[in-house]
Amino acid sequence: MLTLTDPSMIVADPDIRDHLIEQRRAAGHDRYDEVWEGTYVIMPLPTDEHQHVTTALATIFQTVLGWIGAALVRAGVNVSDRLEGWKENYRCPDVAVFLKETRAINDGTHWLGGPDFGVEIRSPDNRTYEKLEFYAKVLTRELLVVGRDPWTLELYRLQGDGWNETQENER
Amino acid sequence: MTDDLTRVVPPAGRRLELVGRSTLSEPAELVSEVIPLSFRIVSGQQRAEILITHAETAQQWHV
């Protein structure tokens, strides 16, 4: 979770904040931005190498799983912990694999629940490790974290089993 | 999609735990239990690479 003790920037003026966000959306620069519990997080644009790794991994997953109908593979997707108001809390894994039997729900604009297998490619300042708690919350079963300076791979696995749904009728 | 499933509420204590790390100095093979692939860091011509291996066919890819 972002804290005020370690902010990169705080835009306290709501007019400037809204204008800044609107500028980013108009220019298409918001593709990789996220919102963490209501806090807008401007993400660094991925480098060419980052995009190469993303594309290559997604291609391999699509080859192994996607074309045979065993999974849906996404190179970038919105993942949230809620249906309504999802834009208040979502992350965007670089690659997401939703198996055919996934418990996550595709709502078109985003997925409610995490991927069965996700990939996060680290970039300077993109705060990958701060997202682990969220990915666990949305029951991402495994997460591969790719580091590039130096090159490292870390595999995280959701501890425990099962899925605990709560049915909340917000109407 | 059901109308009354609107939020993910995980059981208490659910967390993602590190189960393996692969580096050039310690190129451990990380085996997924979710998809039929394993991952390992290996040396490459211009930089380190990610070696991906299919668990059933042994087909490999270098990224």
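Sequence lines set the chain letters: A, B, ... in the order given, protein chains first and strands last, and positions in each chain run from 1.
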*Taking all heavy atoms of B:Ile50 and all of A:Val53, pick out the closest pair and write down the distance.*
CD1-CG1, 4.2 Å
*Of all heavy-atom pairs between B:Val31 and A:Arg157, which one has the smallest distance, and what is that distance?*
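For B:Val31 and A:Arg157, the tightest heavy-atom pair comes out as O-NH2, 3.1 Å.
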When you look at [atom1] of [X], are more than 12 heavy atoms from neighbouring residues, nucleotides or ligands closer to it than 6.0 Å?
X: A:His19; atom1: NE2; value: no
X: A:Arg31; atom1: CZ; value: no
X: A:Asp149; atom1: CG; value: no

Checking [X] against chain B: side chain, backbone, both or neither under 4.5 Å from a heavy atom?
X: A:Val146; value: side chain
X: A:Glu101; value: neither
X: A:Val97; value: side chain

Please check if [X] and [Y] belong to a single hydrophobic cluster, counting links between Ile, Leu, Val, Met, Phe, Trp and Tyr side chain heavy atoms closer than 4.5 Å.
X: A:Tyr90; Y: A:Ile121; answer: no
X: A:Leu72; Y: A:Val95; answer: no
X: B:Leu18; Y: B:Leu30; answer: no
X: A:Val119; Y: A:Leu99; answer: yes
X: B:Leu51; Y: B:Ile41; answer: no

What is the distance from atom [atom1] of [X] to atom [atom2] of [Y], rounded to the nearest 0.5 Å?
X: A:Leu153; Y: B:Arg40; atom1: CG; atom2: CZ; result: 10.5 Å
X: A:Leu155; Y: B:Leu16; atom1: CG; atom2: CG; result: 9.5 Å
X: B:Glu17; Y: A:Tyr156; atom1: CD; atom2: OH; result: 10.5 Å
X: A:Ile60; Y: B:Ile35; atom1: CD1; atom2: CD1; result: 10.0 Å
X: B:Glu33; Y: A:Phe117; atom1: CD; atom2: CZ; result: 11.5 Å

*asked:* With a 4.5 angstrom heavy-atom cut-off, is it the side chain or the backbone of B:Ile52 that approaches chain A, or both, or neither?
replied: side chain
*For B:Pro36, is it the side chain, the backbone, both or neither that has a heavy atom under 4.5 Å from a heavy atom of chain A?*
side chain
*Can you name the residues of residues 53-63 of chain B that have some heavy atom under 4.5 Å away from a heavy atom in chain A?*
B:His54, B:Trp61, B:Val63
*Test B:Val19 against every option in A:Gln159, A:Glu154, A:Glu142 by the side chain to side chain contact (heavy atoms under 4.5 Å, CB included) rule and name the one that passes.*
A:Gln159
*Is A:Glu133 salt-bridged to B:Arg15, cutoff N-O under 4.0 Å?*
no
*asked:* Classify the ring geometry of A:Phe61 against B:Phe39: parallel below 30°, tilted from 30° to 60°, perpendicular beyond 60°.
replied: perpendicular
*Taking A:Val145, A:Asp116, A:Leu57 one by one, which has the highest count of heavy-atom pairs under 4.5 Å against chain B?*
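Among the listed options, the one with the most contacts to chain B is A:Asp116.
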*asked:* Working note: A:Glu49 + B:Arg47, criterion side-chain contact (heavy atoms from CB on, under 4.5 Å); need CA distance, chi angles, decisive distance, verdict.
replied: CA-CA 11 Å; A:Glu49 181 181 76; B:Arg47 61 160 174 81; 3.7 Å; yes
